Undergrad: 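Dropping the structure in here first, questions after.
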2 protein chains.
Amino acid sequence: MSTIRDVAKEAGVSVATVSRVLNNSGYVNEDTRKRVMDAIEKLNYKPNAVARSLFKKQSKMIGLIVPDITNPFFPQLARAVEDVTKQAGYTLVLCNSDNQIDKEQEYIEVLKQKYIDGFIIVTSTLKQEHIEGLGVPIVALDRAIDDSTPYVGVDNYEGAKMATRFLLNKGCKKIAHVRGSIGILTADERCRGYIDELQNLSLFNPELIVNGDFQIQKTKQAMIELLTIYPDIDGVFAGNDIMAIGVLKAAEEVGKKIPEQLSVIGFDGIALSEITTPELTTMSQPIYEIGSTAAKMLLGIIEEKPLPKSTYTFPVRLVERKSTR
Amino acid sequence: MSTIRDVAKEAGVSVATVSRVLNNSGYVNEDTRKRVMDAIEKLNYKPNAVARSLFKKQSKMIGLIVPDITNPFFPQLARAVEDVTKQAGYTLVLCNSDNQIDKEQEYIEVLKQKYIDGFIIVTSTLKQEHIEGLGVPIVALDRAIDDSTPYVGVDNYEGAKMATRFLLNKGCKKIAHVRGSIGILTADERCRGYIDELQNLSLFNPELIVNGDFQIQKTKQAMIELLTIYPDIDGVFAGNDIMAIGVLKAAEEVGKKIPEQLSVIGFDGIALSEITTPELTTMSQPIYEIGSTAAKMLLGIIEEKPLPKSTYTFPVRLVERKSTR
DNA sequence: TTGTAAGCGTTATCAG
DNA sequence: CTGATAACGCTTACAA
């Protein structure tokens, strides 16, 4: 590996001049520029990013913290983020937090020591107090942190209302809800939307809500029980597509036909929702767009461009497939 | 942010001493060590990883290059790799190559400039010539590169033979194969296993192989055609679980009952294989173990521990579910 | 046992 | 337009 010094020597100039052509900053004579370029070429010189980082206090890296990349919602987000950051010359560091605040904080600490340029975080545990005075830009993805930190996500509340209303319009009389883990913002909001939509019509019954914790098996068990106690349930709004699959499994187990006897609608619109039998009706999020928007936003902040908006709330779209009649 | 110099001043010692306690290298008096520790505590000092990198020519980062994190096989691998590297104090950089050699090479180049400590790569395009003299350790994951570079994966050939044999044992008389993209090592090996198993019994007919390119839709179309031409096909070995799902969809479309009229077996054992209806019989890989083994291996190389083995070929395990009779 | 000082490879300031 | 040179924050000979 050759250094800037080698290039300078080869070209017969000073390192300062080489640096100038490298960053094309300041004046440099066209001839000498050529000589430098030739030397760079000849030595196959690549600038050392670490040395550059040390001086500039920035690393051209951004950190993405998600609960668990294994959850099918996140790879699409990660891909979107990686696409736009790579495009802009940044490198993506992947972090799995398992929804644990200490892991989140550890990642942040470690990466700050590497002069990370910014974070995109999906978190339910980090609050304003944890990130104020951080000194590194953050954008919250999927779940808002507080009003003062930039955020990109969807309108979970409205989406949940739409889903519930859709079931109502389909003629469902008794609609249950499998909610995601308590304390996860998106799960809470979706549950609230479901409740509010039914409460208006005095159709709400708290017994019809079960907790699926975003897991297939747990949802399946809970739904089997629920469907046994209330065999007249004719619609289920699941807090996400994973849990909707659990509902499908439960229905199969207790011998309920979908969609004839039971309509189920999910939330997220992950790729999985198209491969079930029957294919899942769901409230679809523009996942890739959300991820890429968050990434563009973060890059904007890092590069100190003026931010047009500090919050993007995308609408959610009903995709009607085969699990609702 | 305070520097080592601040700590030194605070503790009334030289920076060298602080560095010594930081890395506990060399001798340092117990009292002065305590003074230094107190100063570190008081100033909440964190060493700057970039400066350290510059000197040591290593970054405590490892790069994971996969074709596309959005493909459900890779998140589990990524998770495993992240778990073990994080545990060892390393940070994971995620790279999506889309199977394009130029992207792979670009990532390698960029990360080398950051003193990346090693790579774990899933590639079908990188050959020995591209990586020799790289100067950074590599381990090949899922797909071998050449005999001289460490590799972790499964025995695709044997797995494919097992899958085919299983179908045979179930009484299938006419077994088709949907293969993955040509040129992808795993797809080629699995196809070869299928062919060899049947050829022994002179049951092989090249017309029964179609290319699904690892995609659901493409597989579905191809299988619909194939099932129309050869309605007596009674078994399908799909090159991976994704394509097996395509087969399921095709069967539904042409009105073939699974498993009564058609048995299908997949490969990989990704989480998805449990959520289809019927649930998929598949040749399951120990995905997490493969990922973690590759990561441990790479760390071993980086830390110059003697390598017990330079190749790990895990066996693949038949998981019988509902898509085969 | 501790301190001094020379790097590590860049960038940017300031003269010239 | 170009060149010295002082940082950036840390580690490690080498001295003391």
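Numbers restart at 1 for each chain; the letters A, B, ... are given by sequence-line order, proteins then strands. Just so it is clear, the model here is predicted, and its values are computed rather than measured.
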Undergrad: In whole angstrom, what separates B/Phe55's CZ from C/dA6's P?
TA: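 Atom-to-atom, B/Phe55 to C/dA6, this comes out as 14 Å.
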Undergrad: Looking at A/Tyr312, I'd like to know if the NZ or CZ of A/Lys309 sits under 6.0 Å from its six-membered ring centre while staying within 45 degrees of the ring's axis.
TA: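 The answer is yes; both the distance and angle limits are met.
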Undergrad: Salt bridge check: are A/Lys112 and A/Glu109 linked by an N-O gap of less than 4.0 Å?
TA: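 Salt bridge flag = no for A/Glu109 with A/Lys112.
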Undergrad: Check the pair A/Lys127, A/Glu129 against salt bridge (Lys or Arg N to Asp or Glu O under 4.0 Å), reporting the backbone distance first and the verdict last.
TA: CA-CA 5 Å; A/Lys127 303 300 172 208; A/Glu129 52 195 288; over 6 Å; no
Undergrad: Who passes salt bridge (Lys or Arg N to Asp or Glu O under 4.0 Å) against A/Asp268, sequence neighbours left out?
TA: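 Salt bridge (Lys or Arg N to Asp or Glu O under 4.0 Å) list for A/Asp268, sorted by chain: A/Arg190.
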Undergrad: Taking CD from A/Gln113 and P from D/dC8, how many angstroms apart are they, rounded to a whole number?
TA: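 Those two atoms, CD and P, are 19 Å apart.
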Undergrad: Could you state the NZ-P distance from A/Lys114 to D/dG9, rounded to the nearest angstrom?
TA: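 About 17 Å, once rounded to whole Å.
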Undergrad: Quickly work out the B/Leu22 CG to D/dC10 C1' distance and round it to whole Å.
TA: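 About 9 Å, once rounded to whole Å.
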Undergrad: Between B/Ser19 and D/dT11, is there a contact of a side-chain N or O with OP1 or OP2 at under 4.0 Å?
TA: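 Answer yes for this pair, as a side-chain N or O of B/Ser19 is under 4.0 Å from OP1 or OP2.
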Undergrad: Please give me every residue in residues 44-53 of chain A whose heavy atoms get under 4.0 Å of an atom in DNA chain C, ordered by residue number.
TA: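 Within residues 44-53 of chain A, the residues near DNA chain C are A/Tyr45, A/Lys46, A/Pro47, A/Asn48, A/Ala51, A/Arg52.
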Undergrad: B/Asp6 CG to D/dC10 C1': how many Å, rounded?
TA: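 Whole-Å distance recorded here is 13 Å.
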Undergrad: For A/Lys42, does the NZ atom sit with more than 12 other heavy atoms under 6.0 Å from it, leaving out its own atoms?
TA: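 Open: at most 12 neighbouring heavy atoms sit under 6.0 Å from NZ of A/Lys42.
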Undergrad: B/Tyr115 or A/Ser25: which one's nearest nucleotide on DNA chain C is closer to the 5' end?
TA: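 The residue mapped nearer the 5' terminus is B/Tyr115.
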Undergrad: Does any donor atom in the side chain of A/Tyr151 or A/Asp146 lie under 3.5 Å from an acceptor atom in the other side chain?
TA: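 No pair is found: no donor N or O on one side chain lies under 3.5 Å from an acceptor on the other.
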Undergrad: Does OP1 or OP2 of C/dG9 have a side-chain N or O of B/Lys57 closer than 4.0 Å?
TA: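 Yes.
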Undergrad: So, using side chain to side chain contact (heavy atoms under 4.5 Å, CB included) as the criterion, who are the partners of A/Pro75 when residues are at least two apart?
TA: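 Residues passing side chain to side chain contact (heavy atoms under 4.5 Å, CB included) with A/Pro75: A/Ile69, B/Ile69, B/Pro75.
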Undergrad: Report yes if the side chains of B/Met61 and A/Lys114 come closer than 4.5 Å at any heavy-atom pair, otherwise no.
TA: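 In contact.
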Undergrad: Tell me: CZ of A/Arg35 to P of D/dC1, nearest whole Å?
TA: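 So the CZ-P distance, A/Arg35 to D/dC1, works out to 14 Å.
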Undergrad: With a distance cut-off below 6.0 Å to the six-membered ring centre and an angular limit of 45° from the axis, does B/Lys86 pair with A/Tyr107 as a cation-pi contact?
TA: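 The answer is yes, since B/Lys86 meets both limits relative to A/Tyr107.
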Undergrad: What integer distance in Å separates B/Asn23:CG from D/dT12:C1'?
TA: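 Those two atoms, CG and C1', are 10 Å apart.
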Undergrad: Mind listing the N/O atom pairs, protein and nucleotides 1-4 of chain C, below 3.5 Å?
TA:
from, atom 1, to, atom 2, distance (Å)
C/dT2, OP1, B/Thr32, OG1, 3.0
C/dT2, OP2, B/Asn29, N, 2.6
C/dT2, OP2, B/Thr32, OG1, 3.0
C/dG3, OP2, B/Ser14, N, 2.9
C/dG3, OP2, B/Ser14, OG, 3.2
C/dG3, OP2, B/Thr17, OG1, 2.7
C/dG3, N7, B/Arg20, NH2, 3.2
C/dG3, O6, B/Arg20, NH2, 2.4

Undergrad: Once you round it to whole Å, what is the distance between C1' of D/dC1 and CG of A/Asn24?
TA: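 For the pair A/Asn24 CG and D/dC1 C1', the rounded distance is 15 Å.
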Undergrad: Please report how far the helix from C/dT1-D/dA16 to C/dG16-D/dC1 bends, comparing the axis fitted to its first five pairs with the axis fitted to its last five, to the nearest 10 degrees.
TA: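 The two end axes of the helix from C/dT1-D/dA16 to C/dG16-D/dC1 meet at 50°.
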Undergrad: Using a 4.5 Å cut-off on heavy atoms from C-beta on, say whether the side chain of B/Ile4 contacts that of B/Ser19.
TA: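 SC-SC contact between B/Ser19 and B/Ile4 confirmed.
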Undergrad: What residues, two or more places apart in sequence or in another chain, satisfy side chain to side chain donor-acceptor pair (under 3.5 Å) together with B/Asp98?
TA: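 With sequence neighbours excluded, B/Asp98 shows a side chain to side chain donor-acceptor pair (under 3.5 Å) to A/Arg79, B/Lys103, given in chain and number order.
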